[in-house]
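Down below is the structure, laid out as structure tokens.
In this text, all values refer to a predicted model and were calculated from it rather than measured experimentally.
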Amino acid sequence: MNLDLTLRSEIQKAIHSLFQVEFDQLQLQPTNAEFEGSHTLVCFPLTKISKKGPEETARLVGDHLQMHSGLVNRYNVVKGFLNLVLHDSVWVNVFESIYANANYGVTPATGKELMVEYSSPNTNKPLHLGHLRNNFLGYSVAEIYKSIGYTVHKVQIINDRGIHICKSMAAWKLYGDGETPHRSGLKGDKLVGKYYVEFDRNYKAQCKELEAQGLSKEEAERQAPIMKLAVQLLQQWEQKDPEVWQLWNLMNGWVYAGFDVTYQRMGVDFEKLYYESKTYLLGKEEVLKGVERGVFFKKEDGSVWVDLTADGLDQKVLLRSDGTSVYMTQDIGTAILRFRDFPKIEGQVYTVGNEQEYHFKVLFLILNKLGYEWARKCYHLSYGMVDLPTGKMKSREGTVVDADDLMEEMVQEAARQTQELGKIDDMSQQEIKDLAEMIGLGALKFFLLKVDPKKRMLFDPNESIQLQGHTGPFIQYTHARIKAILRKAASMNISVDANSISKVSTLEPAEREVILKINQYTNKIQEAAREYSPAILANYAYELAKEYNQFYQAIPIFNESDPVALKFRIAFSEVTAATIAKAMALLGIRVPDRM
RNA sequence: GGUCUCAUAGCUCAACUGGAUAGAGCAGCUGCCUUCUAAGCAGCAGGUUGCUGGUUCGAGUCCAGCUGGGAUCACCA
């Protein structure tokens, strides 16, 4: 049974019979902790139809519900707020139906499909902290949509061509001396990144030298030999020069091998990879067709533009005067290609930083102008930057937090603290290692996901590494404690079944609070999906764990002599653990049985 | 300069989309482990929600203006 819907309809019935009016704009909200009750009806909006003061209106509705609704036990009125106290049997019923449903919180397949793009790195340097936020967000949103019945296609577009990779190639050719990941033992993406830095260092030195010889800054930047080499490589690449392509394939291959290791540890996956080298020429045809249909226009020099001034934006170029594509052209092509690849998807989610908000606004408008219905279902999952205490991450200034390093650091810290607590001394080396992995990554993921994606956030290495308080490990810990209870119950041969639950007649306040929280789970998933915000689920999981911990501390389960209450509490703990595990799984966080 | 966006406790974040006395965690202080795991629980202290007006029965939330951050506005990607 859906408690909220049932209660809503009972309230509507009450209002109808009291005031003879249909009123469907009910404001029903959770009761503040300081008052008795679980649901609160805000009665100010009702005064217009009741023609009475808010308090009297509240009392009328409260009386009616108490007399005619089987749900409401008693009520209290504070100002215009009607606080409802439901019968314990209602809560027991709610719990029973959740307990009976092993798939609680999972919507069966609806036939709807969605594509989620995330990660989408350049291939000239390793993944960093910003990519971690991106990957965790994209992965989680995809999982959330799966759980509400969507088939989700996780994809990325890999920026594998362009001047950036040519820079790494140029530096490697000049200074690499044939270095390979195999020979140096360096991870492939790190190796390529090393030569990207190497490029920059030499480029700057060369510019400085040329400037000392009297060249202007711009002139020096153009004339620097290493830059000339990079530009030459780019041109040769575009002409499909076999030698250049071989090197390009080789170095990209190193990067992909490195990325695979990183993705593996992050726990993210992709169904299909799109490569810019294969899609960057797409879109041109679509744009030309658009010109024919008068959606776009051509200037005298041959360049093609879209006029978005009617939408409050400016004019944007889509094809250069020499006929070549720009970034936007390519994105138009890729979007259309994806809908051809997956004709059933109703839209695409682009997990990309908020510095590209303007770009996506324009892209969606253009797709719309081209007549694609699905353009309205495309969503830019725009997230804020991750700042460091020292300010913005700047790759040139070496203040970038490397993804591999950070994950390793978190796992090390988790291992250290776990060791220190000494609760797992009997575990095997493999189990201990796996546990540290689970906790370290759980802490990191939770830290990055608990903040509203839209907001920029601060990453303080000292605080982020904490495993107490409002953290992933706090929630994992709650799960592990419940598992200990369940193990003990099993060893005592206590069997729980639906029948024993239905015999429960009264509940402790702490129990009611937890059931109330568990009951919110499905709503929270819907909300998280609607808002594209894993933060909503992260904070929910935290609240649920916190609520359970209060119960745990207040009521020692195995001190209970009444077998009905004992069995109920075991079942209730079991459902809490399962709900925590499910919510965390949607965030990409695993939970341990012991820690 | 135009557009967008953010500003909440010392610090990091919440606030059910306009509802009650704005909540958590960290940091600080005080209690609670003969055990279902103290990675926990209970409590104390900490706030003019950047500023000024407005709309409303009611504003951290909506509107206007100001102050201060950030992003964006290339025939770059």
- Task: May I ask you to evaluate whether A:Arg320 reaches the phosphate of B:rA77, defined as a side-chain N or O under 4.0 Å from OP1 or OP2?
- Result: yes
Sequence neighbours excluded, the answer for ring pair (Phe, Tyr, Trp, His ring centres under 6.0 Å) partners of A:Phe459 is A:Phe447
### Query
Distance between the C1' atoms of B:rC29 and B:rA45, in whole angstroms?
8 Å
If one requires at least 3 consecutive Watson-Crick or G-U pairs with distances under 3.5 Å, the stems of RNA chain B turn out to be B:1-7 with B:67-73, B:10-13 with B:23-26, B:28-32 with B:40-44, B:50-54 with B:62-66
**Request:** Using a strict 4.0 Å threshold on nitrogen-to-oxygen distance, state whether A:Glu511 and A:Arg569 make a salt bridge.
**Result:** yes
| Would A:Arg416 and A:Glu413 pass as an ion pair if we require N to O under 4.0 Å? | yes
By nearest-nucleotide position on RNA chain B, the 5'-leaning member of A:Asn549 and A:Asn539 is A:Asn539
Counting the atoms with a prime plus P, OP1 and OP2 as sugar-phosphate, which does A:Phe474 contact under 4.0 Å by heavy atoms, base, sugar-phosphate, or nothing? sugar-phosphate
Are the ring of A:Phe81 and the six-membered base ring of B:rA20 within the stacking cut-offs of under 5.5 Å and under 30°?
yes
Q.
Base, sugar-phosphate or nothing for A:Asp452? Non-hydrogen atoms, less than 4.0 Å.
A. sugar-phosphate
*A:Arg481 side-chain N/O to B:rA38 phosphate OP1/OP2 under 4.0 Å*: yes
With a non-hydrogen cut-off below 4.0 angstrom, is A:Asn523 in contact with a base, only sugar-phosphate, or nothing?
-> nothing
Give me the distance, rounded to whole Å, that separates B:rA27 from B:rG10 when you measure between the C1' atoms they each carry.
8 Å
Separation of B:rU3 atom P from A:Gln356 atom CD, nearest Å, is 22 Å
Q) Within the structure shown, what part of the strands sits under 4.0 Å from A:Gln29 by heavy-atom distance: base, sugar-phosphate, or nothing? A) base
Q) Which part of the nucleic acid, if any, lies within contact of A:Leu458, taking any heavy atom under 4.0 Å across all strands shown: a base, the sugar-phosphate backbone alone, or nothing? A) sugar-phosphate
With sequence neighbours left out, the residues meeting ring pair (Phe, Tyr, Trp, His ring centres under 6.0 Å) with A:His359 are A:Tyr327
(message) Classify A:Val317 by what it touches in the nucleic acid, base, sugar-phosphate, or nothing, heavy-atom distance under 4.0 Å.
(response) sugar-phosphate
Whole-Å distance, A:Arg161 CZ to B:rA77 C1', equals 8 Å
> Taking the same atom, P, in B:rU30 and in B:rC66, what whole-Å distance lies between them?
Replying inline: 50 Å
Q. Is the centre of the A:Tyr477 ring less than 6.0 Å from the centre of the A:Phe474 ring?
A. no
Looking at B:rA39, I'd like to know if its phosphate oxygens (OP1 or OP2) sit under 4.0 Å from a side-chain N or O belonging to A:Tyr477.
yes
*Are any of the side-chain nitrogens in A:Glu36 or A:Arg74 under 4.0 Å away from the carboxylate oxygens of its partner?*
yes
* Give A:Thr40 one of three labels, base, sugar-phosphate or nothing, depending on what nucleic acid heavy atoms sit under 4.0 Å from its own. => base
With syn meaning chi within 90° of zero and anything else anti, the base of B:rC33 is syn
- Task: Please measure how far the C1' atom in B:rG31 lies from the corresponding atom in B:rG18, and state the result in whole Å.
- Result: 41 Å
Indicate every side-chain donor-acceptor pair of residues 78-86 of chain A with a distance under 3.5 Å to a residue at least two apart or in another chain.
| unit_1 | atom_1 | unit_2 | atom_2 | d |
| --- | --- | --- | --- | --- |
| A:Asn83 | OD1 | A:Thr40 | OG1 | 2.6 |
| A:Asn83 | ND2 | A:Asn76 | OD1 | 2.8 |

Between CE of A:Met328 and P of B:rU72 the distance, given in whole Å, is 14 Å
Would A:Trp248 and A:Tyr275 count as a ring pair (Phe, Tyr, Trp, His ring centres under 6.0 Å) here? Give the steps. CA-CA 13 Å; A:Trp248 172 75; A:Tyr275 296 90; 8.8 Å; no
Show me the donor-acceptor pairs within less than 3.5 Å that the side chains of residues 42-50 of chain A make with the rest of the protein, sequence neighbours left out.
| unit_1 | atom_1 | unit_2 | atom_2 | d |
| --- | --- | --- | --- | --- |
| A:Thr47 | OG1 | A:Phe44 | O | 2.7 |
| A:Ser50 | OG | A:Leu46 | O | 3.4 |
| A:Ser50 | OG | A:Lys52 | N | 3.2 |
| A:Ser50 | OG | A:Thr57 | OG1 | 2.8 |

ask   = Which part of the nucleic acid does A:Lys455 contact within heavy-atom distance under 4.0 Å: base, sugar-phosphate only, or nothing?
value = sugar-phosphate
Listed pairs, N/O of protein and of nucleotides 21-28 of chain B, under 3.5 Å:
| unit_1 | atom_1 | unit_2 | atom_2 | d |
| --- | --- | --- | --- | --- |
| B:rU21 | OP1 | A:Lys79 | NZ | 2.7 |
| B:rU21 | N3 | A:Glu34 | OE1 | 3.4 |
| B:rA24 | O2' | A:Tyr542 | OH | 2.8 |
| B:rG25 | OP1 | A:Lys546 | NZ | 3.4 |
| B:rG25 | O2' | A:His470 | N | 3.1 |

Classified by glycosidic angle (syn within 90° of 0, else anti), B:rU17 comes out syn
- Message: Roughly how many Å apart are B:rA59 and B:rU52, using the C1' atom of each and rounding to a whole number?
- Response: 15 Å
**Prompt:** Any donor-acceptor pair under 3.5 Å between the side chain of A:Thr478 and the base of B:rA39?
**Reply:** no
- Message: Under a 4.0 Å threshold between the charged nitrogen and the carboxylate oxygen, would A:Glu221 count as salt-bridged to A:Lys217?
- Response: yes
- How far, in whole Å, is B:rC51 from B:rU67 if one measures between their C1' atoms? 7 Å
Within the 4.0 Å heavy-atom criterion, would you say A:Glu276 contacts the bases, only the backbone, or no part of the nucleic acid? sugar-phosphate
Side chain to side chain contact (heavy atoms under 4.5 Å, CB included) between A:Phe558 and A:Ile494: does it pass, once the steps are laid out? CA-CA 11 Å; A:Phe558 293 102; A:Ile494 301 171; 4.1 Å; yes
Can you see if the side chain of A:Tyr552 gets near the phosphate of B:rA38 - specifically, an N or O under 4.0 Å from OP1 or OP2? yes
For A:Phe44 and B:rG19, say yes or no: do the ring centres fall under 5.5 Å of each other while the ring planes differ by less than 30°? yes
### Query
For A:Ser464, which contact category applies under a 4.0 Å heavy-atom criterion: base, sugar-phosphate, or nothing?
nothing
Touch check for A:Asn83, heavy atoms < 4.0 angstrom, all strands: base, sugar-phosphate only, or nothing? base
A:Asp331 atom CG is separated from B:rA77 atom C1', nearest whole Å, by 10 Å
- Please work out if A:Tyr358 contacts a base, only the sugar-phosphate, or nothing of the nucleic acid, heavy-atom cut-off 4.0 Å. sugar-phosphate
Could you tell me whether the phosphate oxygens of B:rC36, OP1 or OP2, come under 4.0 Å of any side-chain nitrogen or oxygen in A:Lys488? yes
Separation of B:rC41 atom C1' from A:Gln553 atom CD, nearest Å, is 4 Å
